[in-house]
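All values derive from a computational prediction rather than experimental measurement.
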Protein chains: 2
Amino acid sequence: MAHRPKLSTVAAAAGVSTATVSQVLRGTGRISPQTRDKVLAAVQEVNYLPDGRAAALRSGENREIGLVLHHLANPFNAEVVSGVSDRLERADHLVSVLDSRDDAAREGRNLRALIASMRGGLIWVPASGTDAATLDLLVAQRLPVVTFLHRVAERFDHVGLRNAAALGRAVDHLVELGHRRIAYLGGTSPRAPRAERIAGYAAALAAHDLGAPLVLPCEDSKAGGLAAMLELRNAHPEVTAIVCNGDMVALGACLGLHRRGETPGGEVSVIGFDDVADAALATPALTTLSIAPYELGQHLAERLLARLADPAAAPVHQDLDASLVLRDTTAPPLPR
Amino acid sequence: MAHRPKLSTVAAAAGVSTATVSQVLRGTGRISPQTRDKVLAAVQEVNYLPDGRAAALRSGENREIGLVLHHLANPFNAEVVSGVSDRLERADHLVSVLDSRDDAAREGRNLRALIASMRGGLIWVPASGTDAATLDLLVAQRLPVVTFLHRVAERFDHVGLRNAAALGRAVDHLVELGHRRIAYLGGTSPRAPRAERIAGYAAALAAHDLGAPLVLPCEDSKAGGLAAMLELRNAHPEVTAIVCNGDMVALGACLGLHRRGETPGGEVSVIGFDDVADAALATPALTTLSIAPYELGQHLAERLLARLADPAAAPVHQDLDASLVLRDTTAPPLPR
DNA sequence: CGGCCGAGGTATAACGTTGTATCACGTGGC
DNA sequence: GCCACGTGATACAACGTTATACCTCGGCCG
């Protein structure tokens with residue numbers, strides 16, 4: 001055999017028509033037990049597996065879900081992916097993951113390719129510079145879409161976070177501990193979530209009458225957090241507490257303190273955002289705004305399933321709370 | 001418009017036949033500049049995007065590549081994914097990632113779904129218990145496959161590591177520093193790479209006449225490494241150095257030492273495997289067996305592209321070296 | 001002026017599957 | 001002995017593309 005086995009290969013092997021084979025495989029129609037066995041044996045024999053494209057083309061069904069996010073290397077995202085996959089695989093869908101690396105051009109290519117292969121739906125963490133043409137395309141193709149974190153269009157389902165409120169909680173906690181100079185660390189993207197977090201941070205500062213906000217942008221990674229912390233200690237030694245754009249930045253900031261011979265929760269208190277698995281494991285364990293990534297992934301999956309079940313329903317927009325988890329990187333400022 | 005725009009929609013809008021639209025889009029055949037412009041305008045107008053399934057079905061072409069690995073949450077894998085994607089996207093392929101979570105059943109489902117959607121090829125890090133039926137299927141479907149790390153069949157292209165030699169280098173280094181009791185930490189899977197590493201470790205011990213190997217299996221994660229290190233310090237306090245099954249385990253082991261008030265490179269020297277980005281960032285920075293994950297990913301992609309270019313060529317098997325990168329978690333044992 | 005040729009476009013048959021309509025064939029009732 | 005009927009299997013048309021063969025028409029050469 002030189003080629004991929006197809007329906008007709010099986011049909012020939014079993015001595016029946018292709019229609020019969022199809023019925024057996026799909027469990028539809030009326031087939032006698034003996035032909036049924038004959039067909040199944042033939043399927044095994046030639047190692048047949050249906051061509052999903054042809055099947056999908058004919059039947060209009062589609063059980064493939066695309067998951068496009070902006071940074072796979074971040075463990076928070078990896079945990080979200082797990083949640084999404086587990087839930088959707090239970091519903092007999094296949095999830096394939098694409099990483100846009102927060103690059104709008106790459107994201108555009110990915111989305112186009114995804115639509116071209118006609119997925120059944122899309123869970124999407126939009127990158128910073130997503131362009132209107134891509135959005136138009138998604139709308140025109142009538143693809144069920146759930147966006148996460150960054151809302152790009154009213155007509156897509158969306159799950160977001162109450163970023164400003166979360167940051168308020170973080171700042172409040174630091175103020176209660178006695179901190180007066182509190183900086184914000186991390187992020188470079190102009191995306192909405194970061195802006196909301198910074199706004200929440202600034203509003204909380206204002207509420208406590210703590211002066212002007214101090215924002216140090218940096219790459220959302222440990223390396224970025226590390227570098228930013230070193231700079232902060234040099235340029236703004238009066239700062240005794242920071243809130244970070246994500247746990248990776250916060251953990252990196254902690255590394256920066258260690259490298260200077262200082263300790264998180266000592267010279268500088270640190271609060272993260274996300275609650276990745278490493279946050280609880282670090283020494284000292286990281287105080288952070290927790291959003292349970294695995295459960296969140298499952299939640300996103302449920303949203304998409306609901307949309308698939310009723311494509312005509314009105315778009316659902318939802319915002320989740322992040323709760324402050326107190327661990328060991330926050331403490332009263334050192335006396336001086 | 002109630003439906004997804006298709007070729008005939010565009011054709012109607014442009015006042016030409018579907019064949020002409022197809023030719024314009026594909027750049028084949030002879031078309032006058034004016035009809036060409038007319039068609040392109042119509043494509044924009046209706047937001048048309050071709051149905052890749054139908055196109056692939058008809059043309060037999062396929063530009064989708066599946067990437068199946070066993071643990072996406074490990075940053076090493078995430079970096080490999082980046083390398084693979086970048087290279088394949090440059091060659092105009094779409095890469096979609098599936099995570100088997102080292103579960104043979106899930107892996108089997110993923111692979112079947114992948115074949116069903118008729119990818120153009122597969123890069124695969126096989127899970128522990130991959131079954132023969134799945135292998136038969138892959139072979140019968142004549143899918144170009146490159147396996148990584150764990151070789152499961154002679155007839156697939158394969159890229160592996162010289163695990164035993166690498167472990168030999170690690171043990172040699174520790175012995176030179178003066179260590180006599182060296183343990184192996186991590187891994188639970190019966191997969192070949194781990195067995196080779198343990199064999200290399202045991203052989204090196206024997207070569208230096210250091211007595212029986214001491215292997216502590218644990219989950220390949222920071223949490224696993226942490227727990228294993230705590231156990232090691234209790235049960236085998238005479239051990240002064242460990243080699244780990246991966247950087248996550250090694251970094252977890254370092255956390256375990258910190259938690260006991262001890263330091264890596266002090267009470268216990270630690271060597272990792274992989275050289276993830278965090279290894280260089282940790283304090284102290286992790287000595288590890290490095291395999292440059294991003295470049296490795298690109299290499300895997302090249303292998304697959306070569307296979308796609310010449311499906312008939314004999315299978316290529318290749319093993320790469322891991323080099324020992326000396327950082328701060330290895331030092332002579334403390335005097336006692 | 002007829003035939004030839006090339007440029008520009010179209011009709012049509014696939015690709016591998018599924019769903020519907022249809023058909024062959026006993027079997028049982030009257 | 002004939003018709004109605006249910007059972008089991010098949011023929012055939014679609015799904016949205018692409019590739020090939022074909023058609024038409026004007027211009028140009030012999």
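Between B/D86 and A/R106, at least one side-chain nitrogen of the basic residue sits less than 4.0 Å from a carboxylate oxygen of the acidic one, meeting the salt-bridge criterion.
Heavy atoms of A/S32 sit under 4.0 angstrom from primed sugar atoms or phosphate atoms, though from no base atom. Counting non-hydrogen atoms under 4.0 angstrom, A/A19 reaches a base of the nucleic acid. Contact annotation for A/I31: backbone-only contact, meaning every heavy-atom pair under 4.0 Å involves sugar-phosphate atoms and none involves a base. In this structure, A/T20 reaches the bases: a heavy-atom distance under 4.0 Å links it to at least one base atom across the strands shown. At a threshold of 4.0 angstrom between heavy atoms, the contacts of A/T28 with the nucleic acid are absent.
Following rounding to the nearest Å, A/R30 (CZ) and C/dA24 (P) show an atom-to-atom distance of 16 Å. Taking atom CG of residue A/L25 and atom P of nucleotide C/dG16, one finds them 16 Å apart after rounding to whole Å. When the P atom of C/dT20 is taken as reference, atom CD of A/Q23 falls 10 Å away, rounded to whole Å. With rounding to whole Å, B/L57 atom CG is found 9 Å from D/dC15 atom C1'. One can place NZ of A/K6 at 7 Å from C1' of C/dG16, the figure rounded to the nearest angstrom. Across the protein-nucleic acid pair, B/R53 atom CZ and C/dT17 atom P stand 14 Å apart, rounded to whole Å. Between A/L7 atom CG and D/dC15 atom P there is a gap of 19 Å when expressed in whole angstrom units.
In this structure a side-chain-to-backbone donor-acceptor pair under 3.5 Å is missing from A/R101 to A/L72. The closest donor-acceptor contact from the side chain of A/H317 to the backbone of A/F156 lies under 3.5 Å.
Across all non-hydrogen atoms, the minimal contact from B/T18 to B/A11 is N-CB, 3.7 Å.
Annotation: of the two residues near DNA chain C, B/A54 and B/T35, the 5′-most nearest-nucleotide partner is B/T35. Residue whose closest nucleotide on DNA chain C sits further toward the 5' end, between B/V16 and A/S22: B/V16.
In the set D/dT17, D/dT10, D/dA9, the nucleotide with an atom closest to the side chain of A/S17 is D/dT10.
Side-chain N/O atoms of B/R58 and base N/O atoms of D/dT17 include no donor-acceptor pair closer than 3.5 Å.
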